[in-house]
Amino acid sequence: MPAWLKDAVFYEIYPQSFKDTNNDGIGDINGIIEKLDYIKELGCNALWINPCYDSPFKDAGYDVRDYKKVAPRYGTNSDLYRLFGEAHNRGIRVLLDLVPGHTSEEHEWFLESKKAEKNEYSDRYVWTNGAFCGIGGHPYIGGEADRDGCYMLNFFKCQPALNYGFLNRTADWQFAPDHPACIATREALKDIMRFWLDHGCDGFRVDMADSLVKEDDENKSATGKIWKNIREMMDSDYPEAALVSEWSNPHQSLKYGFHADFYLDHVGNGYNTLIRDNESEGGDHSFFKKDGNGDIMRFLLDYLPKYDATKDDGFISFITCNHDTPRARRTLGYDELKVAYATFLTLPGVPFIYYGDEIGMRYLEIPTKEGGFARTGSRTPMQWDNSKNYGFSDANPDVLYLPQDNAADAPTVEAQKNDPASLYNELKAVISLRHEYQDLNADASFEVIYAEKEQFPFVYRRGNLLVAVNPSNTKASASLKGEAFIKENDESKTHSALELIHSIGSASFSGTTLVMEPSSFAVYKLV
Ligand code: GLC
Ligand code: CA
């Protein structure tokens, strides 16, 4: 486990929408470099940059045409190497996005693979042995190549599946995962990883990490074997590099070698019940919605078993949002976001802040771009200040990668920096608290102190810190009588034994009862 991860607070950058320095309307690597001081000032010490490789951009860059080349619209490889150096000078690590399950249909490997004549890349992708032989249970394309076969897709039509084999085989064109062609795919992936790690990158966020071996068993054990092999390479040659999975099943991913796994927004899971419950039927009962009448137990019943079973293997990553998910601002107001994000940043694991969430950027209802569809509204250009295009670019507004929030009260970094009560300043304060107290590190202990069905507040302990959360719009209290850290026999000491070190709204003790005002959050130090 790279030691730096314990204290890491990540910032996810969607490169096309962060900062444009050459006025073509699209963000670029130089723009990220220009804003490193901003990221550092916020307190983030690690970045995840979405795919910035050469691509036809039919899935916004997740359709990679050349894994080893920066897309010209973002700059050059030297720009990216310079970004690694500039970030490191500021104590910031940089994760790139690794897309192991598929390439673009324009990748050189695929152009070779689809040829009728057998060649080195014929088996790099999953092909059937006849143009009329389709693939049951998986999306595929037939009739598009000279080669007499159909090929499997991993996501969109533009993304043919790389061949890591099949665990349970039902046809003779399916290879075993240890077939030399499948091992060659794995080795090609390792070669890409080495290329970027050797140039100074600090690891990868891995796209659809569970999608490698087809017809895998329910534990994804064959896919897991590949990641274990890759982790061995990292442990021996790049022990400081980190691997974070898009898997959302820590029981599997963390056992197979990932250092951290995202707690993704899946309808009805624990994360979803906290801030995104609006995505299911029956009204929005998100825990962090003031009037949602939420229930912290819906979260804990999902989270605790995951946490307990995997806390010695790696970290579960809470996200404010990501490029695939509607921004939380769509349904939550600033008060609610402050309490929600403060909670995410004080729970165990390695947190990720999606660019723009620190100021509560809106989800915009806009037409699709580059395969974004409903995701497009979360991908709009960063709002830095009140100058042209909110300081994102000097280009004509109509050539911007995506339109921006035109509301009169559109949030900007500049305005929120100047407002002590802003979401930005709250987030910054909690991030700094997280760096100050080892008890808030990713691996520090976590114990639920007070959580009752359909009740507020939610109180938990991290080492010698007590964190209390009341997102509801009513006053809430919790009796902490009987807790070892409450000096029951001498109630007068209760107050001095708990030192308030951070709060949103107000919280206080009445004897051994914690009383919290609406929309409040408090961190106490047990002294
Ligand atoms: C992941 C990415 C998403 C992409 C897909 C296919 O889910 O986060 O943006 O479209 O994989 O690569
Ligand atoms: Ca640009």
Side-chain angles (χ1 to χ4, degrees), residues 10 12-35 48-53 55-65 67 70-76 79-80 83 95-107 139 152-162 189 204-212 244-249 253 261-266 317 319 321-326 352 354-355 368-379 381-382 384 388-389 391-397 399-402:
F10 275 87
E12 178 190 348
I13 293 184
Y14 203 61
Q16 47 271 63
S17 294
F18 197 54
K19 172 73 189 171
D20 172 24
T21 55
N22 63 348
N23 305 327
D24 60 357
I26 292 187
D28 41 57
I29 305 285
N30 283 331
I32 301 176
I33 296 175
E34 208 173 273
K35 294 297 184 183
W48 154 30
I49 304 175
N50 291 98
C52 54
Y53 320 106
S55 166
F57 294 106
K58 289 186 178 175
D59 184 17
Y62 282 96
D63 46 330
V64 181
R65 184 164 50 200
Y67 286 102
V70 167
R73 75 184 199 183
Y74 299 137
T76 62
D79 293 338
L80 187 52
L83 167 62
L95 300 197
L96 295 179
D97 210 315
L98 184 70
V99 187
H102 47 268
T103 67
S104 158
E105 62 198 347
E106 294 182 21
H107 193 288
M152 189 188 284
L153 302 176
N154 216 34
F155 198 69
F156 284 154
K157 184 255 161 191
C158 61
Q159 290 155 318
L162 284 162
L189 179 65
F204 302 92
R205 172 271 187 186
V206 181
D207 185 72
M208 293 176 63
D210 62 337
S211 74
L212 307 191
V244 182
S245 49
E246 185 196 33
W247 193 311
S248 216
N249 186 338
S253 54
D261 187 26
F262 290 115
Y263 203 174
L264 292 176
D265 177 37
H266 292 156
S317 283
I319 57 172
C321 185
N322 67 23
H323 63 289
D324 294 331
T325 309
F352 280 71
Y354 184 52
Y355 84 97
T368 184
K369 172 102 179 195
E370 297 184 344
F373 301 97
R375 309 175 294 181
T376 309
S378 294
R379 299 176 171 183
M382 182 69 175
W384 296 102
K388 185 177 177 185
N389 304 318
F392 164 66
S393 167
D394 263 339
N396 252 330
V399 306
L400 294 192
Y401 178 71
L402 283 172

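When a residue number appears, it is its place in the shown sequence, counting from 1. Start at 1 and go down the list; that is how both ligands and their atoms are numbered.
Remark: ligand 1 atoms within the under-4.0 Å shell around heavy atoms of R375 are 3 (C), 4 (C), 9 (O), 10 (O). Heavy-atom contacts of M208 reach the following atoms of ligand 1: 6 (C), 11 (O) (cutoff under 4.0 Å). Heavy-atom proximity to H102, at under 4.0 Å, picks out these atoms of ligand 1: 6 (C), 12 (O). Shown in contact with D59 at under 4.0 Å from a heavy atom are these atoms of ligand 1, numbered in order with element: 4 (C), 5 (C), 6 (C), 10 (O), 12 (O).
Cation-pi geometry between K35 and F18 is not satisfied (NZ or CZ under 6.0 Å from the ring centre, within 45° of the ring normal). Cation-pi geometry between R73 and F57 is met: under 6.0 angstrom from the ring centre, within 45 degrees of the axis.
From the protein, the heavy atom lying nearest to atom 11 (O) of ligand 1 is D207 OD1, 2.7 Å. Atom 8 (O) of ligand 1 has as its closest protein heavy atom D324 OD2, 2.5 Å. Of the protein's non-hydrogen atoms, the one nearest atom 7 (O) of ligand 1 is E246 OE2, 2.8 Å.
The salt bridge (charged side-chain N to carboxylate O under 4.0 Å, His left out) test applied to R205 returns D97, D207, E246, not counting sequence neighbours.
Side-chain contact of E12 with N50: a donor-acceptor pair under 3.5 Å is present, judged by distance alone. Side-chain contact, T325 with D265: no donor N or O sits under 3.5 Å from an acceptor N or O. Looking only at atom types and distance, the side chain of Y355 has no donor-acceptor partner in the side chain of H323 under 3.5 Å away. With 3.5 Å as the limit, one finds a donor-acceptor pair spanning the side chains of D20 and S393.
The closest side-chain heavy-atom distance from H102 to M208 is below 4.5 Å.
At a heavy-atom cutoff of 4.0 Å, ligand 1 is contacted by the side chain of R205 but not by its backbone.
The shortest heavy-atom contact between H266 and S248 is CE1-CB, 3.7 Å. Residues Y74 and G27 approach most closely at CD2-O, 3.3 Å, considering heavy atoms.
Residue contacts with ligand 1 do not include E370, since none of its heavy atoms lies under 4.0 Å from the ligand.
Within the protein, the N, O or S atoms sitting under 3.0 Å from the Ca ion (ligand 2) are D20 OD1, N22 OD1, D24 OD1, I26 O, D28 OD2.
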